[in-house]
Peer 1: 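The structure follows.
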Amino acid sequence: DGGITQSPKYLFRKEGQNVTLSCEQNLNHDAMYWYRQDPGQGLRLIYYSQIVNDFQKGDIAEGYSVSREKKESFPLTVTSAQKNPTAFYLCASSPRDRYEAFFGQGTRLTVV
Amino acid sequence: GQQLNQSPQSMFIQEGEDVSMNCTSSSIFNTWLWYKQDPGEGPVLLIALYKAGELTSNGRLTAQFGITRKDSFLNISASIPSDVGIYFCAGFTGANSKLTFGKGITLSVRP
């Protein structure tokens, strides 16, 4: 089945540790996105990538890093510099020729 | 930056009622998207709109792309309990642009 897979669904980390969230898609989509969701805040864009080996900061990129070495993969690292990392993280992808984005199931990160 | 405004934050309706939600912006958008999110899940695309004035239906859902390209609405007819969730509008301003989201409207349906 084609789709976007985020793993794991739930993630717990100790404060001060970096953690990497996985996002893989087999839809052959060119663009990929990472969003953070907090209650009442909607979806805020962290990073996005239109093509392999290129990515741009979104609205809240501080404390996060990404890579896009392969078209199908766009991992997000939450670094220790992120002051409030506990949140629901959503990955999405969209095809080049259609302005539609499709989401994974999300990863809920809890930092204690 | 571009912002999409959705209000109110929450809506409460009776099962069987129709409900309409607006999304507005001060910027022009080339594409409008409407999503529904269930608790703990990723948003699911409901309707995509590509042309100003376009009216599109998906079952009991109808959405329109405003003629000014700065707004869109979503209408749900004959609501049922499974319509409960958060409804987001989103949009692209053009090629290679980022996807911008509104803050969402939480819909509750009373049986």
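By convention in this document, chain letters (A, B, ...) are assigned in the order of the sequence lines, proteins followed by strands, and residues within each chain are numbered from 1.
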Peer 1: Report yes if the distance between the aromatic ring centroids of B/Y35 and B/F88 is under 6.0 Å, otherwise no.
Peer 2: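 No, the ring of B/Y35 stays outside the 6.0 Å limit from the ring of B/F88, centre to centre.
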
Peer 1: Go through the atoms of B/Q37 and report whether side chain, backbone, both or neither lie under 4.5 Å from a heavy atom of chain A.
Peer 2: side chain

Peer 1: Chain A heavy atoms under 4.5 Å from B/L33: which part of the residue, side chain, backbone, both or neither?
Peer 2: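 Just the side chain, heavy atoms under 4.5 Å.
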
Peer 1: How about A/Q82 and A/R36: do any of their side-chain heavy atoms sit closer than 4.5 Å?
Peer 2: yes

Peer 1: With chain B, which of A/Q6, A/K9, A/R44 has the greatest number of heavy-atom pairs at distances under 4.5 Å?
Peer 2: A/K9

Peer 1: Would you please say whether a donor-acceptor pair under 3.5 Å links the side chains of B/S57 and B/T62?
Peer 2: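 Yes - a donor-acceptor pair under 3.5 Å links their side chains.
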
Peer 1: Take the angle between the ring planes of B/F101 and A/Y35 and call it parallel below 30°, perpendicular above 60°, tilted in between.
Peer 2: perpendicular

Peer 1: Need one label for A/Q56: side chain, backbone, both or neither, based on atoms under 4.5 Å from any heavy atom in chain B.
Peer 2: neither

Peer 1: Looking at A/C91, A/A101, A/G106, A/G58, which makes the most heavy-atom pairs under 4.5 Å with chain B?
Peer 2: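 The answer is A/A101.
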
Peer 1: So is A/R68 actually on top of A/F55's ring, under 6.0 Å and inside 45° of the axis?
Peer 2: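 No cation-pi geometry.
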
Peer 1: Could you tell me if the ring centre of B/F29 sits under 6.0 Å from that of B/F65?
Peer 2: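 For B/F29 and B/F65, the ring centres are not under 6.0 Å apart.
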
Peer 1: Where does A/L43 contact chain B at under 4.5 Å (heavy atoms): side chain, backbone, both or neither?
Peer 2: both

Peer 1: So what's closer than 4.5 Å to chain A heavy atoms on B/Q9: side chain, backbone, both or neither?
Peer 2: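 Side chain only.
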
